[in-house]
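Each remark here refers to the structure printed beneath this line.
When reading the values below, keep in mind they use all heavy atoms of this one structure, side chains included, and skip hydrogens, waters and symmetry mates. Being a predicted model, the structure only gives us computed values, none of them experimental.
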Amino acid sequence: MTREEAHALDLADPLARFRDAFDLPSGVIYLDGNSLGPPPLSAHERLERTSRREWGEGLVRSWNAAAWIEAPLRVGGKIARLIGANPGEVTVADATSVNIFKLAAGALSLRPGRRTILSETASFPTDLYALQGLVALLDGRAQLKTVAPEDLVAAIDDETAVVVLTHVHYKSALRWDMAAVTAAAHAKGALVLWDLCHTAGAIAADLNGAQADLAVGCGYKYLNGGPGAPAFLFVAERHQSAIRSPLWGWMGHAAPFAFEDGYRGAPDIRGQVTGTPPILALAALEAGVDLQLEADPSLVEAKGLALADLFIAEAEASADPELRLASPRDAARRGLHLAFAHPAGYAIVQALIARGVIGDFRAPDIARFGFSPLFLGYAEVWDAAQALGEVLASRAWDRPEFQARAAVT
Ligand SMILES: *Cc1c(COP(=O)(O)O)cnc(C)c1O
């Protein structure tokens with residue numbers, strides 16, 4: 001493809017108008033929206049309003065007057081529309097790590113007599129750590145079994161309480177068939193807990209269409225909710241009255257302001273909320289979600305995959321024999337980022353960042369590039385691929401300043 005052809009795709013792009021809704025520095029091609037989305041301009045306004053008017057002037061009255069108390073379910077209901085769930089099935093709460101712990105424990109409570117939590121090896125570490133911590137706490141009453149992805153479906157058996165899987169893998173971008181895996185688990189009487197961190201705002205997921213049971217996801221990646229934005233969780237309506245959270249807090253109580261001594265969990269999605277919601281962070285997240293809701297999810301997914309396809313074609317034309325695509329070539333089996341393995345992966349990413357092309361690195365050797373459809377264009381992605389080609393051809397990465405590892409890669 002020529003740059004002119006890429007530019008022509010931008011002119012015909014129905015999502016092109018979203019670019020102006022973001023606060024992005026000039027001179028940067030941002031291929032890391034899958035790690036931290038950039039701020040929507042509206043997020044700055046919401047934060048300002050929430051801080052000055054609602055917090056500063058409204059003070060404690062704003063819990064009612066500005067509907068702060070409803071924010072977790074209100075924003076959850078909006079996220080529900082992006083992932084094929086109903087309002088009342090999704091709430092914002094805690095961090096993804098915490099929500100995995102809560103819902104995996106909840107899944108065990110829904111499947112008494114079954115001890116196994118099944119997941120895949122090389123999942124995002126925090127998912128595995130949360131499950132390991134849960135198993136350690138349960139001291140023999142549950143076990144975590146991890147298998148390679150190709151062995152996963154066959155490993156589901158009548159001991160399996162819950163399968164915990166990331167819908168789009170954080171490194172390879174391999175995308176599971178949500179409906180097929182859920183059906184296979186249900187056929188064995190097991191539940192599935194889906195991690196949608198790299199799905200929400202990227203892939204047009206349909207939780208209820210897939211008969212999904214439980215899900216969690218991140219607010220700060222493709223939803224552009226801000227650094228450390230709170231996470232969300234989904235519990236299918238049919239499970240809500242029976243599932244129990246292992247973390248009992250007053251915001252999950254059936255009547256928080258009755259101040260009862262004994263815990264009585266709310267019989268709906270609120271039962272998965274623990275403590276006081278982070279209102280400032282929710283304000284930014286709501287701005288990101290509102291913006292996302294203006295875009296057709298199927299267009300978002302199609303454009304992100306097309307941008308990645310363009311990048312693969314141009315990057316491979318650079319023909320560095322050591323650069324290897326470590327994501328599925330078939331777009332239907334991928335999320336919206338790409339992994340390229342290269343022995344100098346870290347230094348290559350640093351050399352690109354020095355040129356204004358921001359991606360990231362995932363150990364041991366993966367250069368990772370994300371293709372957020374709302375603020376990236378085809379010509380820009382074409383430019384980024386040429387920059388990668390130039391860094392490889394010139395070995396510009398082979399300089400001491402690009403080798404030093406920072407704390408966050
Ligand atoms: C980003 C990500 C997380 C992040 O969890 P936090 O609790 O927000 O730090 C968890 N799981 C997966 C698969 C992720 O991609």
Look at the side chain of [X] and the backbone N and O of [Y], then say whether any donor-acceptor pair between them is shorter than 3.5 Å.
X	Y	value
Lys171	Arg368	no
Asp10	Ala379	yes
His337	Tyr170	yes
Arg111	Gly189	yes
Asn99	Ala93	yes
Lys102	Gln272	yes

If you measure from the Lys or Arg side-chain nitrogens to the Asp or Glu carboxylate oxygens, is any gap between [X] and [Y] under 4.0 Å?
X	Y	value
Asp309	Arg334	yes
Arg114	Asp158	no
Glu390	Arg355	yes

### Message
Asp320 and side chain to side chain contact (heavy atoms under 4.5 Å, CB included): which single residue from Leu392, Leu388, Ile348 fits?
### Response
Leu392
#### Entry: Option from Pro277, Pro230, Pro278 for which side chain to side chain contact (heavy atoms under 4.5 Å, CB included) with Val92 holds
Pro230
### Stepwise side-chain hydrogen bond (donor to acceptor under 3.5 Å, both in side chains) check, Asp290 with Ser42
CA-CA 9 Å; Asp290 282 342; Ser42 56; over 6 Å; no
For the [atom1] atom of [X] and the [atom2] atom of [Y], what is their distance to the nearest 0.5 Å?
X	Y	atom1	atom2	answer
Glu54	Leu59	CD	CG	11.5 Å
Tyr222	Leu196	OH	CG	13.0 Å
Arg362	Tyr346	CZ	OH	11.0 Å
Glu89	His239	CD	NE2	10.0 Å

Can you see whether [X] engages [Y] through a side-chain donor-acceptor pair at a distance of less than 3.5 angstrom?
X	Y	value
Thr160	Asp157	yes
Trp194	Thr182	yes
Thr274	Asp94	yes

### Query
Angle class for the Phe311/Phe371 ring planes (parallel below 30°, perpendicular above 60°, tilted otherwise)?
tilted
### Task
Look at the aromatic rings of Trp248 and Tyr263 and report parallel, tilted or perpendicular, splitting at 30° and 60°.
parallel
#### Entry: cation_pi(Lys303, Phe18) dist<6.0 Å, angle<=45
no
